[in-house]
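Below is one structure, written out as structure tokens; comments come after it.
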Amino acid sequence: MRTQVGIVGAGPAGLLLSHLLHLEGIRSVVLEARSREYVEQRVRAGVLEQGTVELLTDTGLGDRLHREGLVHHGVELRFEGEGHRIDLSALTGGRTITIYGQQEVVKDLIAARERDGGDIRFEVEDVAVDGLKTDRPTIAFTHDGEHGTLECDVIAGCDGFHGICRPSIPAGELTEYDRTYPFGWLGILARAAPSSDELIYVNHPRGFALSSLRSPEIVRLYLQCEPDEDVDRWSDERIWEELHTRLATTDGDYELTEGPIFEKGVAALRSFVVEPMQYGRLFLAGDAAHIVPATGAKGLNLAVADVRRLSEGLVQLFGSGRSDLLEDYSRACLRRVWRVQHFSWWMTSMLHRFGDDRYQHKLQISELEYVTSSTAAATTLAENYVGLPL
Ligand code: APR
Ligand code: PHB
């Protein structure tokens with residue numbers, strides 16, 4: 001088989017890249033290891049930056065997003081039993097975030113590719129890339145029991161942190177930077193009315209908590225736990241009890257509404273970056289190149305920023321044969337990647353419990369008091385949270 005851009009991975013990065021290229025008349029094939037059902041049901045985060053919403057809207061993917069997405073103008077930081085609202089819009093010239101589940105974005109992208117005759121192969125196996133330093137790189141794979149080889153001009157490695165593309169780059173060509181955190185998140189989805197109009201990030205002596213939502217009927221809540229926590233040791237009663245404790249306010253005004261939990265899982269928190277994000281004709285994008293802890297709600301948005309820049313470079317290459325944008329791809333992306341890495345590490349450091357380190361806790365409270373009382377500090381949080389212009 002032959003195509004212009006071979007894309008490994010049908011997560012938000014791979015699917016959006018295929019869509020953006022299609023709009024510019026560039027052919028691509030997406031190879032995905034899992035089934036369509038799996039990638040459409042995989043529960044992930046759900047906060048879209050303003051720039052992400054604008055890009056999806058400008059490229060014809062805004063209908064359901066604007067119908068079902070929830071626009072938020074603020075976020076709450078809660079500590080020592082008191083809530084403090086950060087007015088994101090007032091501090092950023094009106095910019096907002098939109099609550100819309102990542103799997104909804106994936107569903108919209110797959111539907112658009114299908115509508116536009118896109119080529120996505122689900123449930124492929126034995127994917128292997130080769131010839132990365134030639135002008136005809138290839139992707140070998142097995143689909144429906146048949147071996148195939150996809151000959152490409154360029155390969156986009158959008159296969160996530162555990163994919164095959166990054167490890168296919170010879171040792172010594174890449175530099176890895178990482179930080180693991182001594183905790184994880186236990187996340188639930190429950191059928192309950194949200195107990196607040198906006199997201200609540202909590203610093204509590206028993207550990208971090210986050211109150212988020214998916215719709216007026218479905219809430220998404222998180223609790224800091226051990227990185228290898230056994231979710232089976234958490235009954236629904238225990239989860240609600242701990243959420244009540246960590247989200248409680250000293251004035252007693254806040255009431256957390258419970259409901260049937262229909263999804264729960266534990267995820268470790270890590271920060272990871274690989275440099276450069278390119279090797280020959282292989283370009284890494286999204287989680288294949290970088291991971292952020294979920295505290296800043298940046299994973300999806302950073303993947304979108306990568307593929308927007310990659311598609312611009314590919315449009316230039318296939319349009320005019322020039323490759324200066326592609327040659328600058330890694331440097332340009334990494335500038336945003338490290339900004340987002342810093343913001344996500346900062347939010348994580350400010351809001352989580354680090355064992356019994358009382359000095360750290362005092363520093364956190366001082367920082368939270370500063371961020372919630374100084375316009376300058378609140379603006380820093382707000383402009384990073386809604387997303388710096390793409
Ligand atoms: N062959 C084919 N597909 C693969 C392979 C492989 N060897 N390995 C992984 N994949 C697929 C995965 O099944 C997944 O569907 O690549 C896709 C990668 O998608 P994501 O992990 O969602 O990564 P990305 O598209 O970069 O999106 C980043 O996802 O994890 C969240 O928080 C993260 O929000 C961020 C977003
Ligand atoms: C979510 O809604 O899943 C969510 C929101 C904010 C975060 C992380 C996850 O920081």
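In listed order, ligands and their atoms are each counted from 1. These figures come from a predicted structure and were not determined experimentally.
With sequence neighbours excluded, no residue forms a side-chain hydrogen bond (donor to acceptor under 3.5 Å, both in side chains) with Glu383.
Cation-pi geometry between Arg191 and Phe262 is satisfied (NZ or CZ under 6.0 Å from the ring centre, within 45° of the ring normal). Cation-pi geometry between Arg78 and Tyr254 is met: the NZ or CZ atom falls under 6.0 Å from the ring centre, inside 45° of the normal.
Pairs engaging residues 120-168 under the ring-ring contact (aromatic ring centres under 6.0 Å, His included) rule: Phe161-Phe272 [sequence neighbours left out].
We find that Glu173 and Arg166 are not joined by a salt bridge, their nearest charged nitrogen and carboxylate oxygen being 4.0 Å or further apart. Of the charged side-chain nitrogens involved, at least one lies within less than 4.0 Å of a carboxylate oxygen, so that Arg336 and Glu49 count as a salt-bridged pair.
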Any protein N or O within less than 3.5 Å of an N or O in ligand 1? List each pair with its distance, or say none.
| residue | atom | partner | partner atom | Å |
| --- | --- | --- | --- | --- |
| ligand 1 | 3 (N) | Ala33 | N | 3.1 |
| ligand 1 | 13 (O) | Glu32 | OE2 | 2.6 |
| ligand 1 | 15 (O) | Glu32 | OE1 | 2.7 |
| ligand 1 | 15 (O) | Glu32 | OE2 | 3.2 |
| ligand 1 | 15 (O) | Arg42 | NH1 | 3.3 |
| ligand 1 | 15 (O) | Arg42 | NH2 | 2.9 |
| ligand 1 | 22 (O) | Arg44 | NH1 | 2.9 |
| ligand 1 | 25 (O) | Pro12 | N | 3.3 |
| ligand 1 | 25 (O) | Ala13 | N | 3.0 |
| ligand 1 | 26 (O) | Asp287 | N | 2.9 |
| ligand 1 | 29 (O) | Arg44 | NH1 | 3.0 |
| ligand 1 | 29 (O) | Gln102 | NE2 | 3.0 |
| ligand 1 | 30 (O) | Arg44 | NE | 3.4 |
| ligand 1 | 30 (O) | Arg44 | NH1 | 2.7 |
| ligand 1 | 30 (O) | Asp287 | OD2 | 2.9 |
| ligand 1 | 34 (O) | Gln102 | OE1 | 2.7 |
| ligand 1 | 34 (O) | Leu300 | N | 2.9 |

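Protein residues are said to neighbour a ligand when one of their heavy atoms lies under 4.0 Å from it; for ligand 2 these are Ala45, Gly46, Val47, Trp185, Leu199, Tyr201, Leu210, Ser212, Arg214, Arg220, Tyr222, Ala294, Thr295, Ala297.
More than 12 heavy atoms of other residues, nucleotides or ligands shown are found within 6.0 angstrom of CD on Gln360.
Residue Glu198 is tested with His72, Arg85, His73 for a side-chain hydrogen bond (donor to acceptor under 3.5 Å, both in side chains); the sole match is Arg85.
Using modelled atom types and a 3.5 Å distance limit, the side chains of Asn203 and Gln364 yield a donor-acceptor pair.
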